[in-house]
Structures are given as C-alpha cells and as structure tokens.
Amino acid sequence: MVRPSRGEEQPQPQVVIVNEALAAELGLDVDWLRSPAGIEFLLGRSTDEQPHAMAYAGYQFGQFNPTMGDGRALLLGEIENESGRWDLHTKGTGPTPYSRLGSDGRGTLRSMLREYLFSEAMHALGIPTTRSLAVISTGRKIQRQMVEEAGVLVRVAASHIRIGSFHYAAQTGQLEDLANYTIARHYPGSDYKELYSRAMDAQIATVAAWQHVGFIHGVMNTDNTTLSGQTIDYGPCAFMESYDPDTWFSSIDAQGRYRFRNQPEILGWNFARLAESMLPLFDASPDAAIAYAQETINGFYKRFEDQRKRDFQQRFGFEEGGEYFAALAQSGADFTLANQGLAKALHGEPDALDHLLRDCTDAPDTSFLKDYRKRVSGAAAAAVPPLPRVIPRPHNVEAALLDLDLFQEFLHAVTHPRQPNEKFETPGDTEGYLTYCGT
C-alpha cells in the first residue's frame, strides 16, 4: 500500500516556522531541522531515508474513487518514543506515483500555514488531531486562484490509516494485514469487531467535540476519516461564528454535503462504508457479518447523542436536551460568545446569556431562558472548566495568513484559547466567506 517516492528539488527552500515544543516531544533537534540537511529531509529529499507515498481509496462527496493516494505528500518515516509511535509526513513536495493527471503535487504557502494554525489550535482545544511540525517555503510560484508562493507542511500523526485505506485493502487482498496492523498500532488486544467499534467511538468523540466548538471540516470524505480518531487534512475548514446549523464554507462542497448539521450523519455514513469493506473480517458467514454491521451502524446515532450529552454535561454542568441549540439557531447568536455566556450564567452572571438570546422569543422551550441557572448546583457549576475565548475566526485567519508577524501573534492566541485576548475575540462577518484547499 506504499510506493517509494521522492520530493522534487526546490528552488530556494526556507523554514518559515518550526514547532519547537513538538520537536522536543519527538526528540528532534530543532537546529538540525533548520539546517540544509534537515530541510532536505523534511522535503523528502534526504539520501539517507526513503520516503513513501501511501495508497488509499475513498468516497469523495459520496462517489467512490477506487484508486487514490498521496498525490502531493510523502511519509518520511516513523518516530517511536515513550509517548508512542508517530508518522512523520510531508505535503506539498511535488508529484508522486499517485498524483492525479495534471497535478503538480504542490500547495500554497498560505494553505500550509493554515493547516499549521488549525491543527495546533485544535490540539490546544483538546480535540484529537494531527500536529504540525514545520512549514517551509519553497521559493516557487504556483497558480491557484491567483499566483502564490508555494509551501510544504510537515505534520505528525498517530498514523495515516484512513477508512479509505480499508477500501483499498479490500480491493487488493490486504484487508487482514491492514486490520492486524491497525489493531497492533491503535487498539491492542481487539478482535476485528472491536477494532470497528472502538474506531467508531474514537471518531464519535472527535466529531462531537467539533460540534461543541463550531468546527466545520469541509471535506469529510472517507479518505479524510482516520481509524485513530484524529482530525486530519485541514483543507477548506473553518469555525462557525453566528450559530446556524446549515453553515458551510468549503468552495468545493457545492451542495453543502458537509455542512455543520450534517457532520454526525456523514460520520455514520462513512462508518457504514467502512463496515462494507470489513465484512469479510466480521464473520465467516456473510449473513452473520452483515447482521453485526447493521446492528452496530443502527446504534451509531445513539452512541453519538450519548457522547454529545456527556460533553455538554462536562462543559456546562447539566445535560441538555436540544433547547439550548434551538434557542441559538433562533437567535443567530455567536456560538463561542453564547457558550461563554451560558458558562458565566451558571456561575452567577444571569445577564451574560440573556442579551445574546434576546431575539429568541419563539424558541421551542422558552423556559430554558428563564431557569437555566437553576439546572445546576453551585458545586457542579464550580466544576465546569473554563471555555475557549479565542478560536480561529475566519477574519483573523485571513489577516494572519498575509502577515507572518501577525500569524505568530494569532498562533499564540489560538494555542492559549482560554486566556483573554480582546484583539482576537471579536466576531467578524462571514457572509459570503469561502475556503479553498490550496492544492
């Protein structure tokens, strides 16, 4: 499922940013990473290591593509230490054996900085995610929506095993080998059914966490859904501001398939497709295998809703039945500010949420606005952890991608999301806002 490949020669590569804290966690020498030899390694051009491009398949916007893979990315190798085993992966390094016809295998510097920013923000929010180690500018100009600088991102992941990897393995006779490897790497001691169930629960926890902070992935194809549960491939993603379940920003999602409200349903659909690929592993009897898969998929939405309620209980100290989100949708309040307002209200500031929801006179359960403080005891309210104050709001993201000094300042803010920062807390205008992959 891998083929040897090598990054293309770059005209004038320069390190733009290195995640020094992450490098230290991985046992990597930051000075070496910044050196000519280190840069060549990160670009997939080292003569001492053989990078590989990985193959997979995937359902892209509901349509199956049987042969895909790393068309602009390379697996540099693995790092194993006391904290675990990690893939070191670089993207934007040029064509590979899996590049699509006409693809240059490159990416814009802006898109690479964007992924760095989002992945580190998500990590700071406590949401399972790949991490970003470095961004390198290549000295090359590329044509996208306009002529832009090209860049390379080096990221770290628990693995790059995707639902799409299982689609591909099912076609190529490698299904059992891949499943065994996935179990050993992520879910030791599991059988194949437990592998499926535990991976589902891991992704449910991740996507439920997205829903609580307003994150919209943008391209929830099966090749972008990991078995580890980590968020991966930050392309046309964004954070919702004014609460509207029908929000999406992706320029390539013409019909809004991956809009905010659809994310749980799409995750369930993706796992149904994984079950189809894994059927031979569930049971020697096709009927028994299908029965197990159907039973597990039928239970998906209850599992998701249970996770959502647990998360809400942890964030706010009481179990919510939907009236809060109905009130938000009615008022169109800023999601992050409303969440902060609810938390403040539970700590004795009753006006903190009222003004955000003042237009919500026709909410399905108006009693919610009257007695939300009574729903939780003082002890429970005291146990509610601080909520994020700073998220990657679109207007701040776009401004930061145009100014590296501002980028560093904003990166610090989103990686310390619970600290007050008036400069980056103010909502912006997202009407007409679109996000792009940069491929």
Side-chain angles (χ1 to χ4, degrees), residues 1-3 53-73 75 91 95-103 105 159-179 181-182 192-193 195-197 199-200 202-204 206-207 216-237 248 250-259 262-283 286 289-294 296-298 300-301 437 439:
M1 296 177 66
V2 298
R3 291 177 66 179
M54 292 180 283
Y56 45 84
Y59 282 88
Q60 299 183 296
F61 296 93
Q63 302 301 311
F64 186 61
N65 187 337
T67 307
M68 299 171 59
D70 288 335
R72 61 166 184 154
L75 178 65
K91 60 191 288 190
T96 78
Y98 300 112
S99 296
R100 299 176 186 178
L101 184 65
S103 170
S159 80
H160 285 79
I161 304 168
R162 312 156 186 263
I163 288 180
S165 304
F166 277 78
H167 300 329
Y168 188 83
Q171 300 174 89
T172 57
Q174 299 169 292
L175 183 60
E176 189 169 345
D177 289 342
L178 177 61
Y181 178 83
T182 306
Y192 298 133
K193 292 179 179 178
L195 164 62
Y196 179 75
S197 181
M200 177 186 286
Q203 274 289 343
I204 283 174
T206 295
V207 176
I216 305 170
H217 185 280
V219 193
M220 281 184 70
N221 297 332
T222 60
D223 53 290
N224 291 334
T225 307
T226 63
L227 271 289
S228 67
Q230 287 187 320
T231 310
I232 195 171
D233 286 337
Y234 293 87
C237 64
W248 83 96
S250 172
S251 60
I252 60 174
D253 188 5
Q255 305 302 318
R257 175 182 173 87
Y258 299 135
R259 69 188 68 201
N262 287 359
Q263 291 185 139
E265 179 182 352
I266 290 296
L267 182 64
W269 191 90
N270 287 353
F271 269 86
R273 305 291 77 74
L274 175 60
E276 291 169 351
S277 293
M278 292 184 67
L279 280 175
L281 300 178
F282 291 154
D283 201 284
I290 292 171
Y292 166 76
Q294 191 63 61
T296 308
I297 292 165
N298 287 347
F300 171 87
Y301 295 103
C437 283
T439 55

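Along the sequence shown, residues carry numbers from 1. Model, not experiment: these values are computed from the prediction.
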Distance-minimising heavy-atom pair for [X] and [Y]:
X      : Y      : value
Gly71  : Ser99  : O-OG, 2.5 Å
Trp248 : Asp253 : NE1-O, 2.8 Å
Met278 : Phe166 : CG-CD2, 3.9 Å
Ala179 : Leu281 : CB-CD1, 3.5 Å
His167 : Gly58  : CD2-CA, 3.9 Å
Leu178 : Ala169 : CD2-CB, 3.8 Å

I'd like to know if the side chain of [X] reaches the main chain of [Y], judged simply by a donor and an acceptor atom lying under 3.5 Å from each other, with no hydrogens or angles considered.
X      : Y      : answer
Thr222 : Ile163 : no
Thr296 : Tyr292 : yes
Gln171 : Pro66  : yes
Asn262 : Ile266 : no
Thr226 : Gln230 : yes
His217 : Gly235 : no
Asp223 : Ala57  : no
Tyr56  : Gly69  : yes
Asn224 : Val219 : yes

Could you go through the side-chain contact (heavy atoms from CB on, under 4.5 Å) check for Thr225 and Arg273 one step at a time?
-> CA-CA 11 Å; Thr225 307; Arg273 305 291 77 74; over 6 Å; no
Kindly indicate, with the supporting measurements, whether the criterion side-chain contact (heavy atoms from CB on, under 4.5 Å) is fulfilled by Tyr168 and Gln174.
-> CA-CA 8 Å; Tyr168 188 83; Gln174 299 169 292; 4.2 Å; yes
Take Met1 and Asp177 through the side-chain contact (heavy atoms from CB on, under 4.5 Å) test and state the conclusion after the steps.
-> CA-CA 11 Å; Met1 296 177 66; Asp177 289 342; over 6 Å; no
Looking just at side-chain N and O atoms, do Asp70 and Thr96 make a donor-acceptor pair shorter than 3.5 Å?
-> no
With a 4.5 Å heavy-atom cut-off, do Leu274 and Met200 have their side chains touching?
->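 When only atoms from C-beta onward are counted, Met200 and Leu274 do not touch, as no gap falls below 4.5 Å.
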Tyr196 and Phe282 aromatic ring geometry - parallel, tilted or perpendicular at 30°/60° bounds |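 Phe282 and Tyr196: perpendicular rings.
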Nearest 0.5 angstrom please: [X] [atom1] to [Y] [atom2], how far?
X      : Y      : atom1 : atom2 : answer
Met220 : Cys237 : CE    : SG    : 13.0 Å
Gln60  : Arg257 : CD    : CZ    : 11.0 Å
Ser159 : Ile232 : OG    : CD1   : 8.0 Å
Thr67  : Asn65  : OG1   : CG    : 6.5 Å

Criterion side-chain contact (heavy atoms from CB on, under 4.5 Å) on Ile216 and Tyr258, from CA distance to verdict = CA-CA 8 Å; Ile216 305 170; Tyr258 299 135; 5.8 Å; no
